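Everything below concerns the one structure shown next.
Position 1 is the first residue of the sequence; numbering continues from there. Bear in mind that the values here come from a model prediction, so they are computed numbers and not experimental data. Keep in mind that the numbers below use all heavy atoms, side chains included, and drop hydrogens, waters and symmetry copies.
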Amino acid sequence: MEKTFENWLVVSDIDGTLNNKLRQLPERNYAAIKKFTDLGGNFTLASGRLTSSLKRNYDRVICNQPAIVLNGAGLYDFSKNEMVWRSTIGEAGQNFVRRVIENYSEIFKSLDIGVYFDDYVYIVKSGLFGKSTMKIDKAHYRIAGVDEVPTEGWMKVIFWGFPTTIDSLRRLIDRSDVRHEVNFMASSPYTIEMLARRTHKGVGIMQLANSIGIDRSHIAAIGDYYNDYDMLKTVGLPACAGQAPKAIHKLCKFEACHCNRGAVADLLEYIMSGKAEEAIAAEQNAANNK
C-alpha cells in the first residue's frame, strides 16, 4: 500500500516560490501538489495578498486547507467563503500612519500607503506604486483620506516607495516606539508592511496546524524572500526556492531548485520520498542522546 501523508501540512508562498518569475505555475508543481493531496497531504498557500487576489492562485492548484492571507493577518476558508481567524492592527499602528501622513509629508512625498481590510484597500496616500499594485492584484480599492478609513478591521498596511524613501521610513520606524506595538517587515526593496504585533505568516500557519492537529515537526513551509523569514523560523521543516537570499538559505533545512524549475515540487518530492521522515527521526534521536 502506498504511504499517505495526513500527518503533514505544507504551506507555500506564491510569487517566486509556487509561481515562476513570470507569475506562471510550473506544471511540475501542479503535478506534485495533486499527488501529495491525493495521498492525504494537507496543502495550502500563504501570501500577502487579499483573498480575491489569492483565490486565482488557490484555485489553480489542489489546496485543501484554509489559506494564510495578508502575510499572516488572517486565515481564509475558501470552501466557506469566510475569514475563520484574523489579527488586526490597533490604535498605535493607526496613529503611526496618521503621523507619517500629517507630519512627514515633505520627507515622504513619493511614499504611497494602503490600508488593507479582508478584501478591500483604502489608499490613504496615493501615487504610482499603490495604483500599480491595485491594478496588478485586481484589488477592490478606494482612494480616501485616512480619517475616512474605519478604525476596526485594519489587517495590514503597506508603505510603497523607491528604495531611498523606504530606507528613510525604516530609520523613522527604528526611532519610534511604535515598533514595539506592531510588526514591520520588508516584503521587497520597494515596500515595508505593518501588521499587528507578533503577527506574520508563521502565526497563521500555527493557527491552522493546531486546528487540524498537525505536529510542528510535520509542518513544512517554503518561501523565497525576507517576508518569509518569520514563517520559516516557525515551522519544523523550513525550505526555500533556490534564488532566495543567503540569509533565507541559512535558515532552511531544505533548499529547493529555482522557482522557474518547480521549487514546490522539489519539497513535496522530498517529503513523499520518506527522506523528511528520516531527517526528523535523526533529529529526535540526536536530541534524546544529548
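Using a 4.0 Å cut-off between charged nitrogen and carboxylate oxygen, Glu102 and Arg99 do not count as a salt-bridge pair. Classification of Asp266 and Arg28 as a salt-bridged pair holds, one side-chain N sitting under 4.0 Å from a carboxylate O. Ion pairing between a basic and an acidic side chain is recognised when a charged N comes within 4.0 Å of a carboxylate O; Glu269 and Lys35 show no such pairing. Between Lys201 and Asp228 a salt bridge is recorded (basic side-chain N to carboxylate O distance below 4.0 Å). The pair Asp167-Arg170 counts as a salt bridge, with a side-chain nitrogen and a carboxylate oxygen less than 4.0 angstrom apart. A salt bridge is defined here as a Lys NZ or Arg NE, NH1 or NH2 lying under 4.0 Å from an Asp or Glu carboxylate O, and Arg98 with Asp147 meets this definition. Salt bridge annotation for Lys156-Glu193: present, with a cationic side-chain nitrogen under 4.0 angstrom from a carboxylate oxygen.
Residue-environment remark: OH (Tyr30) stays at or below the threshold of 12 foreign heavy atoms within 6.0 Å. Counting non-hydrogen atoms of neighbouring residues, nucleotides and ligands closer than 6.0 angstrom, the CD atom of Glu91 reaches no more than 12 such neighbours. Other residues, nucleotides and ligands contribute over 12 non-hydrogen atoms within 6.0 Å of the CZ atom of Arg56. Counting heavy atoms of neighbouring residues, nucleotides and ligands inside a 6.0 Å radius, atom CZ of Phe254 exceeds 12 of them.
Side chain to side chain, Asn64 and Thr37 fail the donor-acceptor criterion of an N or O pair below 3.5 Å.
Between Leu237 and Ile219, every side-chain heavy-atom pair lies at or beyond the 4.5 Å cut-off. Between Ser52 and His140 the shortest side-chain heavy-atom distance falls below 4.5 Å. When side chains are defined from C-beta on, Trp8 counts as touching Glu277, because their heavy atoms get closer than 4.5 Å. Side-chain contact between Val97 and Val146: present, with at least one pair of heavy atoms (C-beta onward) separated by less than 4.5 Å. Residues Ile68 and Tyr76 fail the side-chain proximity criterion, which asks for heavy atoms closer than 4.5 Å. Looking at heavy atoms from C-beta onward, Leu18 lies in side-chain contact with Leu45 at the 4.5 angstrom threshold. Residues Met185 and Leu195 are in side-chain contact: their nearest non-hydrogen atoms beyond the backbone lie under 4.5 Å apart.
Ring pair Phe96/Phe184: centre-to-centre distance below 6.0 Å. The six-membered or imidazole ring of Phe108 lies away from that of Phe159, with a centre-to-centre distance of 6.0 Å or more.
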For residues 205-212, please give each side-chain donor-acceptor pair under 3.5 Å, one per line with the distance, not counting sequence neighbours.
unit_1, atom_1, unit_2, atom_2, d
Asn210, ND2, Met206, O, 3.1
Ser211, OG, Leu208, O, 2.6

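Looking only at distances, a side-chain donor or acceptor of Asn29 sits under 3.5 Å from a matching main-chain atom of Ala265. When atom types are taken as modelled, the side chain of Thr191 and the backbone of Ser188 share a donor-acceptor pair closer than 3.5 angstrom.
A pairwise comparison of heavy atoms in Ala263 and Cys257 identifies CB-O, 3.4 Å as the closest pair. Listed here is the closest heavy atom pair of Leu267 and Ala220: CD2-CB, 4.3 Å. When all heavy atoms are compared, the tightest approach of Gly114 to Trp160 is N-CZ3, 3.4 Å. Residue Asp118 comes nearest to Leu50 through the heavy atom pair O-CD2, 3.8 Å, listed as atom of the first residue, atom of the second, then distance.
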Salt bridge (Lys or Arg N to Asp or Glu O under 4.0 Å) between Asp15 and Lys21, worked out: CA-CA 7 Å; Asp15 295 322; Lys21 286 295 185 179; over 6 Å; no
Verdict with reasoning, Phe78 to Gln65, per side chain to side chain contact (heavy atoms under 4.5 Å, CB included): CA-CA 8 Å; Phe78 283 102; Gln65 292 297 338; over 6 Å; no
Derivation and outcome, side-chain hydrogen bond (donor to acceptor under 3.5 Å, both in side chains), residues Asp119 and Thr51: CA-CA 6 Å; Asp119 199 32; Thr51 56; 3.2 Å; yes
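In this structure, Leu128 shares a hydrophobic cluster with no other residue, the cluster being traced through Ile, Leu, Val, Met, Phe, Trp and Tyr side chains under 4.5 angstrom apart.
With a 6.0 Å cutoff to the six-membered ring centre and a 45° limit on the axis angle, Lys275 does not count as a cation-pi contact of Tyr270.
For residues 239-258, every residue pair satisfying the side chain to side chain donor-acceptor pair (under 3.5 Å) rule, not counting sequence neighbours, is listed here: His249-Glu255, Lys253-Glu283.
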